[in-house]
Amino acid sequence: MNLKALIADRLAAGFARAGAGDAPAAVGPATRAEFGDYQANGAMGAAKRLGLGPRELAQRVIDGTDFAGIAARCAVTGPGFISLTVADELLADALADRRIQPLPAAKVVMDYSSPNLAKEMQVHHLRSTIIGDAIARVLEALGCEVIRQNHVGDWGAQFGRLVAHLNDCGEDAVHLADLERFYTQASARVDEDPAFAARARRVVVDLHTGDAATLARWRRYIDVSLAHCQAVYEALGVSLRPSDVRGESAYNGDLAAVVADLAAKGLITESDGALCVFLDEFKGKDGSTVPVIVRKSDGAYLYHSTDLAALRYRAETLGADRVLYIVDARQSLHFRQLFALAKAAGYGAGVSFEHHPFGTMLGADGRPFKTRRGGGTRLLDLLDEATVRAGRLVQAKNPTLDAATTDRVARALGVGAVKYADLSKNRTSDYVFSWDDMLSLEGNTAPYLQYAYARIQSLFAKAGIPVEAAEPPLGPLATAEEHALALQLARFQETLEQVAATVMPHHLCSYLYDLAAAFMRFYERCPVLDSDLRNSRLLLSRRSAETLATGLGLLGIDTVDRM
RNA sequence: GCGCCCGUAGCUCAGCCGGAUAGAGCAUCGGCCUUCUAAGCCGGCGGUCGAAGGUUCGAGUCCUUCCGGGCGCGCCA
């Protein structure tokens with residue numbers, strides 16, 4: 001149940017009776033706990049139009065609202081806030097059933113992760129991959145049909161360079177590390193050797209026109225590279241599967257038709273031999289327009305055309321209601337152009353195309369992130385280091401665990417910490433990558449949430465009963481800690497809906513951290529096993545464990561029973 | 001030059017259609033393990049929310065200008 005929506009609904013009737021039916025109740029969590037659990041700020045904004053004092057209107061709203069079963073107390077506070085305390089019976093209802101309520105059915109296509117192949121996955125691939133994955137899982141939990149589309153870069157100039165270079169030196173690459181090395185060499189040659197650069201471009205044309213030898217070579221490199229990506233996804237606990245891969249190459253056959261269609265619709269202008277679309281939305285102050293180039297003067301297509309073909313496929317073939325692109329903020333202009341182009345071409349009318357950007361990764365110095373060697377940091381190295389550090393800590397804290405359990409726990413905590421460090425940030429602009437922050441295991445980190453979960457498992461082990469044995473109903477909430485914990489548990493639904501609406505997983509992280517903290521305070525203050533309120537407190541513990549496990553699961557983070 | 005994003009405590013970050021005394025973690029200082037896991041709990045220290053104007057009953061949040069940072073801008077993706 002969505003408490004916030006329920007309260008807003010009830011208050012809406014009160015606003016209507018008070019003559020302010022069009023005013024939003026503006027319900028949110030109370031900013032100050034002393035005044036209750038939720039507050040509605042709408043009376044203050046509406047009062048002026050009605051010629052009433054804000055407190056007077058707030059009182060009229062309260063008088064006209066039916067609080068039966070939802071609020072234990074409701075009062076006007078401050079300049080005209082409506083503050084209310086949620087009734088225990090409502091919390092008992094909320095905790096009786098932990099099922100998530102579905103949103104209206106929708107088909108959502110999600111483009112995320114989408115690494116360029118031929119290179120190992122680096123830390124900068126982390127954001128798209130795990131943000132997208134968390135959103136995909138949350139949407140599925142809310143009943144949406146999610147179609148994952150891993151739009152890997154498997155068709156661009158990097159393969160021209162790679163294949164041209166390997167043709168020249170007569171070598172072949174069967175391991176990713178080799179590919180990586182050869183690609184670096186090839187990139188260097190492009191900068192120094194114009195003749196090589198020309199050959200590399202020629203190879204791209206061969207590839208795109210279906211030259212058999214080139215395609216065979218390309219296929220081998222792609223397979224090596226994709227196997228590596230899949231290994232990273234599995235190490236990360238990301239839900240992407242090989243069947244979710246639909247890379248740039250999948251649209252090769254559509255490109256000519258898409259461009260022909262744009263031409264037929266009168267959108268194409270030739271400029272210096274390239275086929276361009278000039279859109280009014282991108283006209284500058286000086287009257288010049290930044291063009292969208294859909295075909296180069298040498299006949300090759302670019303990512304605008306590929307992305308447009310992909311957009312059309314997602315809208316028309318997959319039948320999406322929404323298409324979410326979880327892509328670096330540096331692509332913002334590209335997506336504005338892409339969506340404008342789709343609109344001009346009449347593709348995907350009625351479909352919501354959304355670019356959800358995230359910031360560029362910076363180093364500790366605030367400059368774009370690079371290692372000393374000028375490269376990136378391998379994602380697998382980061383995960384390994386996190387696991388090693390967590391392993392040392394697990395061993396120090398709990399030396400009685402056997403080796404296999406220690407390894408498993410270390411993996412869950414280490415990988416969880418890395419993911420949580422990234423997912424818990426709402427940075428639509430740049431963010432600072434810090435090796436130490438990523439690997440931190442104290443405070444507001446995944447291990448804190450996992451620790452709360454493990455404590456609950458331990459509690460039930462001590463009680464000698466399975467977690468499921470704690471059943472409703474919830475008893476009286478005798479202490480402030482119990483009330484606060486029950487309230488936080490009851491807010492899970494509204495949190496998931498908020499994540500779905502904003503496409504921002506950090507709201508779920510904040511929620512789970514607050515939940516774990518509420519549980520820790522409850523646990524420190526309220527004895528469970530040796531208490532008259534044992535049943536009720538066990539139920540609070542059970543729901544805490546379930547909600548933590550479910551929430552962490554949506555973030556792609558594992559829980560452990562002991563740590 | 002034009003455009004987009006950002007600037008909150010020493011550091012890393014929250015702050016939900018503008019709403020009460022701006023919140024966490026880390027760091028630092030102090031208290032709490034003979035009772036359910038101290039990876040924890042409680043408390044102290046720490047911010048003129050980049051600056052100046054404006055709108056508003058009310059601005060970290062909206063508008064304008066300036067300063068600072070990042071990114072993007074016709075044949076890479």
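Chain letters run A, B, ... following the sequence lines, proteins first and then strands; every chain starts at 1. Only heavy atoms go into these numbers, but all of them, side chains included; no hydrogens, no water, no symmetry mates.
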Rounded off to whole Å, could you give me the CD-to-C1' distance for the A/Gln498 and B/rC16 pair?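 Answer to the nearest Å: 5 Å.
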
Using the six-membered ring for Trp and the full ring for Phe, Tyr or His, decide whether A/Tyr451 stacks on the six-membered base ring of B/rG40 (centres under 5.5 Å, planes under 30°).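 Per 5.5 Å and 30° rule: no stacking.
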
Planes under 30° and centres closer than 5.5 Å, is that true for A/Phe35 with the base of B/rA20?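 Yes.
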
Which nucleotide, if any, forms a Watson-Crick or G-U wobble pair with [N], using both distances under 3.5 Å?
N      : answer
B/rG18 : none
B/rG30 : B/rC42
B/rG58 : none
B/rG3  : B/rC71
B/rG25 : B/rC11

If the [atom1] atom of [N] is compared with that of [M], how far apart are they to the nearest Å?
N      : M      : atom1 : value
B/rA51 : B/rG68 : C1'   : 11 Å
B/rC41 : B/rC4  : C1'   : 45 Å
B/rC63 : B/rC16 : P     : 15 Å
B/rC6  : B/rC49 : C1'   : 14 Å
B/rC33 : B/rA24 : P     : 25 Å
B/rU37 : B/rG19 : P     : 42 Å

Measure from the side chain of [X], starting at C-beta and using heavy atoms only, and say which of [options] lies closest.
X        : options                : result
A/Arg562 : B/rC71, B/rU37, B/rC5  : B/rU37
A/Glu524 : B/rC36, B/rC71, B/rC41 : B/rC41
A/Leu413 : B/rG40, B/rU12, B/rA39 : B/rA39

Confirm from the modelled atom types if [X] and [N] form a donor-acceptor pair under 3.5 Å, side chain to base only.
X        : N      : value
A/Gln39  : B/rA20 : yes
A/Thr31  : B/rA20 : yes
A/Ser114 : B/rA77 : no
A/Thr77  : B/rA20 : yes

Yes or no on ring-ring contact (aromatic ring centres under 6.0 Å, His included) for A/Tyr303 and A/His334, after CA distance, side-chain angles and deciding distance? CA-CA 9 Å; A/Tyr303 76 146; A/His334 167 63; 4.0 Å; yes

Select from A/Arg32 and A/Lys4 the residue whose nearest nucleotide in RNA chain B is closer to the 5' end of that strand.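 Looking at RNA chain B, the more 5' nearest nucleotide goes with A/Lys4.
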
Name the residue closer to the 5' end of RNA chain B, choosing between A/Gly45 and A/Ala157 according to the nucleotide with the nearest heavy atom.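 Closer to the 5' end of RNA chain B: A/Gly45.
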
Measure up the A/Trp435 and A/Phe433 rings against each other and bin them: parallel (under 30°), tilted (30 to 60°), perpendicular (over 60°).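 Perpendicular.
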
Under a 3.5 Å threshold, yes or no: a donor from one side chain and an acceptor from the other, between A/His124 and A/Asp328?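 Short answer, no.
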
Would you tell me whether A/Gln493 and A/Glu497 have side-chain atoms, one donor and one acceptor, within less than 3.5 Å of each other?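 Present: a donor and an acceptor within the cut-off.
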
Do the side chains of A/Arg389 and A/Asp436 get close enough for a salt bridge, i.e. N-O under 4.0 angstrom?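 So A/Arg389 pairs with A/Asp436 through a salt bridge.
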
For [N], decide between syn and anti, treating a glycosidic angle within 90° of 0 as syn.
N      : result
B/rC17 : syn
B/rG74 : syn
B/rC33 : syn

Do A/Val204 and A/Phe159 have side chains that approach each other closer than 4.5 Å (heavy atoms only, starting at C-beta)?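 Side-chain contact under 4.5 Å: no.
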
